[in-house]
Amino acid sequence: SQIYGDNDGYAAPFLIVVQPKESWERTKDEPGLNGELIAENDGKVFTYFGWQDAPDDLRYVDFQVSKIVSSFKLLKKEE
């Protein structure tokens, strides 16, 4: 898996994880390990996780993460 970004000191309401499809297939049925599926593309699986421990001032804010994620479009890299 790869985790992109460095949120040191900043709150991030969700995290995107990219992993090889083989890894996803091995663990996809294990609770808590894979997050929500965004898409599959070129042998990679894109998932997202909501935060586990939100800061007190943001704990009840609805960031509409699923709406944001549903707007994502994966593009195929031109060769």
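As a basis for the values below, the full set of heavy atoms in this structure was taken, side chains included, without hydrogen atoms, waters or symmetry mates.
- L37 and T47 make their closest contact through CA-CG2, 4.0 Å (heavy atoms, listed as atom of the first residue, atom of the second, distance).
- Follow the hydrophobic side-chain contacts under 4.5 Å out from V65 and you reach V18 in the same cluster.
- In the hydrophobic cluster analysis, where Ile, Leu, Val, Met, Phe, Trp and Tyr join through side-chain heavy atoms closer than 4.5 angstrom, F72 is grouped apart from V45.
- Each ring pair (Phe, Tyr, Trp, His ring centres under 6.0 Å) pair with one or both residues in residues 51-70, not counting sequence neighbours, appears once here: W51-F63.
- Residue pairs meeting the salt bridge (charged side-chain N to carboxylate O under 4.0 Å, His left out) criterion with at least one member in residues 13-23, sequence neighbours excluded: K21-E40.
- The salt bridge (Lys or Arg N to Asp or Glu O under 4.0 Å) search around E36 returns none, not counting sequence neighbours.
- The side-chain hydrogen bond (donor to acceptor under 3.5 Å, both in side chains) check on E25 picks up K28, with sequence neighbours excluded.
- Screening F46, Y48, F49 against V17 for a side-chain contact (heavy atoms from CB on, under 4.5 Å) leaves a single residue, F49.
- Remark: D56 engages R59 in a salt bridge (Lys or Arg N to Asp or Glu O under 4.0 Å) (not counting sequence neighbours).
- Annotation: side-chain hydrogen bond (donor to acceptor under 3.5 Å, both in side chains) contacts of S66 (sequence neighbours excluded): none.
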